[in-house]
Amino acid sequence: MSHVAEISSQISDPTADQYASDKEKHGERDVYVGEPIEPIEEETHRSLKPRQISMIAIGGAIGTGLVIGSGSSLARSGPGSLFISYVIMGIVCFAVMLALGEMSTRYPSKKGFAGHATRCVDPAFGFATALVYLCKYLIISPNQIVAGALVIRFWNSSINGAAWVTLFIAFVIAINCLGIKWFGEIEFWLSLIKIITLTGLILLGLIIDLGGVPGQQRIGFAYWQNGRAFKAYKVAGDLGKFCGFVNALVLALFAYMGTELIGVTVGEAKNPRKTVPAAIKKTFFRILFFYICGVLIVGMVVDSNSPLLAQAANKGTAGGASASPFVVAIQAAGINVLPQIINACILIFTISAANSDQYIATRTLYGMAKDGNAPRIFTKCTKRGVPWVAFIFTGMFMGLAFLVASDDALTVFNYFTSAVTIFGSLTWISILASHVAFMRGMKAQGISRDTLPYKAPFQPYLTYFALFFTCLLSFFKGFDAFMPFAYKTFITHYIGIPIYVFGYLGYKLIRGTKAVKMHEMDLTSGAREFHDIEGDDIEEDEAYKSLTWKEKAMYQLRNW
């Protein structure tokens with residue numbers, strides 16, 4: 001029997017999953033049974049607190065895709081298709097989070113979820129996963145900066161956008177260079193502003209719908225009646241309504257993308273086995289409120305046939321606040337001043353997204369290097385735990401944002417950003433496929449799911465459903481490129497697939513890797529506890545007990 005098989009047979013016994021009794025120490029870390037000792041090197045720091053992880057998890061996904069993109073979906077597909085698509089994709093998104101939760105708490109690696117793909121499927125699969133995820137964030141980070149420059153045109157269109165791009169890039173560089181403690185705290189407050197803004201918009205939409213604005217009548221579900229709930233897209237009739245629904249699913253997928261970044265932050269979480277499950281549970285309720293309730297309210301207060309909505313959908317992000325369906329409802333209700341405030345909030349949305357996206361791009365490249373899939377030099381970190389070589393490399397791509405200075409160049413850049421959705425869906429497919437292999441490996445080695453630090457509900461069925469549905473949507477997402485055929489649209493819809501396939505096959509041919517066999521899967525190394533932070537948890541618990549009831553209330557509110 002191989003060494004891995006021996007350890008696997010031990011792990012089925014609860015007493016085997018313990019620390020070595022002699023408390024051997026290396027660099028103040030306990031040694032996990034069966035796990036080789038590795039020399040300590042400069043690396044990222046585990047400093048993200050539970051409240052920061054939780055807020056970043058939801059804040060990273062709340063962006064222009066929901067606040068502005070939902071307007072395009074409503075105009076094309078109708079409120080019924082919009083609502084159902086967000087419910088379905090919300091279930092898929094939650095399945096991805098649960099899959100990540102099980103693997104990340106069992107193996108809280110700094111390699112990210114690409115490391116799970118390497119461990120459970122194939123090193124080539126891990127490389128392909130990291131490659132498409134890196135491509136996504138190398139594109140989307142400068143795109144968010146461009147979006148911020150375009151949003152400012154709502155107030156002033158005379159200043160060249162390149163000036164604002166310079167300021168935003170300087171801000172992103174400064175925050176990321178301060179280290180994970182500062183990054184986590186700043187992102188916490190920026191994400192909190194996002195949540196407060198969305199909460200206010202949802203409540204305002206409900207007030208408008210119920211007739212709470214002077215001089216306005218109650219709307220109710222009037223815009224869902226007379227066949228307006230489901231609109232035809234591209235072609236007439238029932239086929240057109242189905243096309244509208246599929247298009248709404250694609251736009252919903254884009255809006256939800258980003259929630260998986262918890263799989264990246266786990267490498268710098270203070271206590272992954274405590275913070276990750278808590279963040280996942282809270283994310284479920286936030287998805288239910290912000291996404292599903294948000295699009296339901298939008299569909300109630302905005303007529304999908306409204307000329308104002310059509311104008312907003314055509315403007316896209318470049319229209320700033322005027323492109324948001326929430327602002328369309330505010331304008332229709334005759335409320336002044338608010339569009340100015342919302343535009344400022346949308347600007348914060350884009351800056352926060354650019355900041356977190358650059359963080360993810362850097363940590364993804366760092367994780368690739370830790371996994372042996374990128375040059376080792378990218379693992380070099382500063383004393384603050386910032387992978388400075390990886391940051392310099394990924395940061396250079398922010399320079400693409402200067403294409404905003406020319407309208408022609410910006411058009412070319414927009415073709416690149418259209419590919420973001422396929423990169424995101426392929427990432428979800430990789431996470432779910434890794435989780436399927438992980439569960440099969442545990443079953444083949446006789447390891448009960450009850451031994452997992454975090455056992456997700458509805459498994460394995462939810463992962464299988466989400467994997468099948470995401471694959472199906474990825475295949476059909478570019479259907480409108482054939483109605484009629486437009487080669488540029490087709491390329492941007494599907495360019496991620498050949499990159500994914502060639503990355504996998506190329507790595508496999510060059511490195512000669514083999515698929516991981518279920519009974520030989522390494523399910524032990526990297527599964528150690530975090531003894532070095534247990535003392536901090538005890539100190540925090542003791543400090544909480546000493547607080548007054550008012551201080552405890554504020555603490556709970558801050559950590560919600």
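Lys234 contributes no side-chain N or O that, together with a main-chain N or O of Cys243, makes up a donor-acceptor pair within less than 3.5 Å. In this structure, the side chain of Thr470 does not engage the main chain of Leu467 through any donor-acceptor pair within 3.5 Å. For Asn176 (side chain) and Val172 (main-chain N/O), a donor-acceptor pair under 3.5 Å exists by modelled atom type. Within the 3.5 Å criterion, the main-chain N or O of Gly101 finds a donor-acceptor partner in the side chain of Thr105.
Residues Val436 and Pro460 fail the side-chain proximity criterion, which asks for heavy atoms closer than 4.5 Å. At a threshold of 4.5 Å between non-hydrogen side-chain atoms, the residues Leu198 and Phe289 do not count as touching. In this structure the side chain of Trp428 never reaches within 4.5 angstrom of the side chain of Leu473, judged on heavy atoms. Between Val165 and Ile169 the shortest side-chain heavy-atom distance falls below 4.5 Å. Using a 4.5 Å cut-off on side-chain heavy atoms (C-beta onward), Leu403 and Val146 make no contact. Between Ser425 and Ile422, the closest side-chain pair of non-hydrogen atoms falls below 4.5 Å. Here the side chains of Tyr500 and Ser430 are in contact, with some heavy-atom distance below 4.5 Å. Side-chain contact check for Leu462 versus Ile91: some heavy-atom pair is nearer than 4.5 Å.
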Walk me through it: do Val298 and Tyr86 pass the test side-chain contact (heavy atoms from CB on, under 4.5 Å)?
CA-CA 12 Å; Val298 163; Tyr86 268 75; over 6 Å; no

Determine, step by step, whether Thr199 and Phe290 satisfy the side-chain contact (heavy atoms from CB on, under 4.5 Å) criterion, reporting the C-alpha distance in whole Å, the side-chain angles of both residues, the deciding distance to 0.1 Å, and the verdict.
CA-CA 7 Å; Thr199 302; Phe290 293 115; 3.3 Å; yes

Decide side-chain contact (heavy atoms from CB on, under 4.5 Å) for Asn355 and Phe183; before the verdict, give the C-alpha distance in whole Å, the side-chain angles of both, and the deciding distance to 0.1 Å.
CA-CA 9 Å; Asn355 190 39; Phe183 172 85; 3.5 Å; yes

Could you please spell out the steps behind the ring-ring contact (aromatic ring centres under 6.0 Å, His included) verdict for Tyr494 and Phe490?
CA-CA 6 Å; Tyr494 294 106; Phe490 173 79; 5.3 Å; yes

Begin with the C-alpha distance, continue with both residues' side-chain angles, and end with the deciding distance and a verdict on ring-ring contact (aromatic ring centres under 6.0 Å, His included) for Tyr464 and Phe468.
CA-CA 6 Å; Tyr464 282 116; Phe468 170 77; over 10 Å; no

Thr463 vs Leu98, side-chain contact (heavy atoms from CB on, under 4.5 Å): CA-CA, chis, key distance, verdict:
CA-CA 8 Å; Thr463 290; Leu98 292 178; over 6 Å; no

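Contact record, Ala149 with Phe168: N-CE1, 3.6 Å, taken as the closest heavy-atom pair. Shortest non-hydrogen contact noted between Ala433 and Phe125 is CB-CZ, 4.0 Å. Across every non-hydrogen atom of Ala130 and Thr364, the tightest pair is O-CG2, 3.8 Å. In this structure, Ala353 and Ser356 approach most closely via the heavy-atom pair O-OG, 3.2 Å. Across every non-hydrogen atom of Arg228 and Ala222, the tightest pair is NH2-O, 2.9 Å. Residues Ala456 and Arg449 share a closest heavy-atom pair of O-NH2, 3.3 Å.
Applying the ring pair (Phe, Tyr, Trp, His ring centres under 6.0 Å) rule to pairs touching residues 223-244 yields Phe221-Trp224, sequence neighbours excluded. Note on residues 246-255: pairs passing side-chain hydrogen bond (donor to acceptor under 3.5 Å, both in side chains), not counting sequence neighbours, are Arg76-Asn247.
Crowding of Phe485 atom CZ: a count of heavy atoms from other residues, nucleotides or ligands under 6.0 Å exceeding 12. For Phe482, the CZ atom sits in a packed shell: over 12 heavy atoms of surrounding residues, nucleotides or ligands are nearer than 6.0 Å. Within a 6.0 Å radius of CD1 in Ile495, no more than 12 heavy atoms belonging to other residues, nucleotides or ligands are found.
In this structure, Phe465 CZ and Phe469 CZ are separated by 6.0 Å, a value rounded to the nearest 0.5 Å. Taking OG1 of Thr489 as the start and CG of Asp480 as the end, the distance is 7.0 Å to the nearest 0.5 Å. Between atom CG of residue Leu190 and atom CD1 of residue Ile195 there is a gap of 11.5 Å, rounded to the nearest 0.5 Å. The distance from the CD1 atom of Ile140 to the SG atom of Cys135 is 13.0 Å, given to the nearest 0.5 Å. The distance from atom NZ of Lys194 to atom CD1 of Ile346, rounded to the nearest 0.5 Å, is 12.0 Å. Taking CG of Leu134 as the reference point, atom OG1 of Thr427 lies at 10.0 Å (rounded to 0.5 Å).
Checked against Ile330 for a side-chain contact (heavy atoms from CB on, under 4.5 Å), the options Val301, Val213, Ile335 give a single hit: Ile335.
Using a 3.5 Å distance cut-off with no hydrogens or angles, the side chains of Thr394 and Thr362 do pair a donor with an acceptor. His116 and Ser434 are not linked by any side-chain donor-acceptor pair at a separation below 3.5 angstrom, with hydrogens and angles left out of the test.
For the salt bridge (charged side-chain N to carboxylate O under 4.0 Å, His left out) test, residues two or more places apart in sequence or in another chain that qualify with Lys136 are Glu260. In this structure, Thr421 has no side-chain hydrogen bond (donor to acceptor under 3.5 Å, both in side chains) partners at least two apart in sequence or on a different chain. For Lys477, the side-chain hydrogen bond (donor to acceptor under 3.5 Å, both in side chains) partners two or more places apart in sequence, or in a different chain, are His493. Applying the side-chain hydrogen bond (donor to acceptor under 3.5 Å, both in side chains) criterion to Trp182, with sequence neighbours excluded, gives no partner residue.
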